[in-house]
Amino acid sequence: MYVAPSILSADFGRLAEEIRAVCEAGADLIHVDVMDGHFVPNLTIGPLVASAVAKASSKPLDIHLMVKNVPFFVDLFLPLKPKFLSFHIEEEQHPLRLIDHIRRSGVSPAVVLNPHTPLSALEFILGEVDMVLLMSVNPGFGGQKFIPSALEKIKQLRDLIDRKGAKCLIEVDGGVNGLNIADIDEAGADVVVAGNYIFSSNDYAEAIRALKI
Ligand code: DX5
Ligand code: ZN
């Protein structure tokens, strides 16, 4: 299991220090939540701060866009060369065009599904992306409770990917902790995002280890 700490729950007054700490504690990716105050009722970070995050991090970035006007934001964040750049499928009229644009820029494209969005939205997309991010909370805030129906969705997506022989990873984001990680792993996830669970612990290495099962 790859672990991507979400910096949304980090101490922003000591952001560089927090990023270095989770990198040393075993993070595989640094998850950066970009919220625009329109797609979700919260406003987080822009490219200026994300660029400072990239400088502090020894691990690749996993940028999660929770925005309207997706192509505008994609072009703002592509220059940072994250490993993954993901956008919500609910918000984009021309996802295949955008996926192609992200890939041509040397970044791995990923799409995100809200908890209520059916897997059928992926029917003609699955073969084109490197990762699908399944939300296990309604996006907008850290520290929310894992929605149990996400487990069944992970299983169904695992089956779909295996049946189609697609090469994309499954990432799960929201409410992941040491108690539900075994179920998430068994359902078939490859990458988990964790904000509150890691940053509210007093031993980041121990928290990350608990998720790497
Ligand atoms: C929620 C964000 C998540 C969030 C996860 O909208 O996409 O990445 O920070 O935080 P936890 O692990 O605290 O639910
Ligand atoms: Zn996220």
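The structure presented is a predicted model; accordingly, all values stated were derived computationally and were not measured. In this chain, numbering begins with 1 at the start of the sequence shown. Each ligand, and each atom within it, is numbered from 1 in the order the structure gives.
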Novice: The Zn ion (ligand 2): which protein N, O or S atoms are under 2.8 Å away?
Specialist: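 Near the Zn ion (ligand 2), the protein supplies His31 NE2, Asp33 OD1, His64 ND1, Asp173 OD2.
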Novice: Does the distance from a Lys or Arg side-chain N to an Asp or Glu carboxylate O, for Asp100 and Arg97, drop under 4.0 Å?
Specialist: no
Novice: With clusters defined by side-chain heavy atoms of hydrophobic residues (ILVMFWY) lying less than 4.5 Å apart, directly or transitively, does Ile19 cluster with Val49?
Specialist: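 Linked within one cluster.
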Novice: Strictly distance-based, threshold 3.5 Å: is any side-chain N or O of Ser57 a donor or acceptor partner for the main-chain N or O of Arg20?
Specialist: no
Novice: Identify the protein atoms, limited to N or O, that lie within less than 3.5 Å of an N or O atom of ligand 1, and list each pair with its distance to 0.1 Å.
Specialist:
| residue | atom | partner | partner atom | Å |
| --- | --- | --- | --- | --- |
| ligand 1 | 6 (O) | Gly140 | N | 2.8 |
| ligand 1 | 7 (O) | Asp33 | OD1 | 3.0 |
| ligand 1 | 7 (O) | His64 | ND1 | 3.3 |
| ligand 1 | 7 (O) | Asp173 | OD2 | 2.9 |
| ligand 1 | 8 (O) | His31 | NE2 | 3.3 |
| ligand 1 | 8 (O) | Asp33 | OD1 | 3.1 |
| ligand 1 | 8 (O) | Asp33 | OD2 | 2.8 |
| ligand 1 | 8 (O) | Asp173 | OD1 | 2.7 |
| ligand 1 | 8 (O) | Asp173 | OD2 | 3.0 |
| ligand 1 | 9 (O) | Ser6 | OG | 2.8 |
| ligand 1 | 9 (O) | Asp33 | OD2 | 3.1 |
| ligand 1 | 12 (O) | Gly195 | N | 2.8 |
| ligand 1 | 13 (O) | Gly143 | N | 2.8 |
| ligand 1 | 13 (O) | Asn196 | N | 2.9 |
| ligand 1 | 14 (O) | Gly175 | N | 2.8 |

Novice: Step by step, work out the ring pair (Phe, Tyr, Trp, His ring centres under 6.0 Å) result for Phe199 and Tyr204.
Specialist: CA-CA 7 Å; Phe199 285 103; Tyr204 295 170; 5.3 Å; yes
Novice: Give a yes-or-no answer on whether the side chains of Asp75 and His101 include a donor-acceptor pair shorter than 3.5 Å.
Specialist: yes
Novice: Would a distance-only check, ignoring hydrogens and angles, find a side-chain to backbone donor-acceptor pair under 3.5 Å from Asn114 to His116?
Specialist: no
Novice: Do any N or O atoms from the side chain of Glu18 and from the backbone of Ile7 form a donor-acceptor pair under 3.5 angstrom?
Specialist: no
Novice: Can a donor-acceptor pair be found, under 3.5 Å and without considering hydrogens, that links the side chain of Ser201 to the backbone of Asp203?
Specialist: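 Confirmed, Ser201 side chain pairs with Asp203 backbone.
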Novice: Does this structure show an ion pair linking Asp159 with Lys155, if we count only N-O contacts that are shorter than 4.0 Å?
Specialist: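 Answer for the salt bridge query: no.
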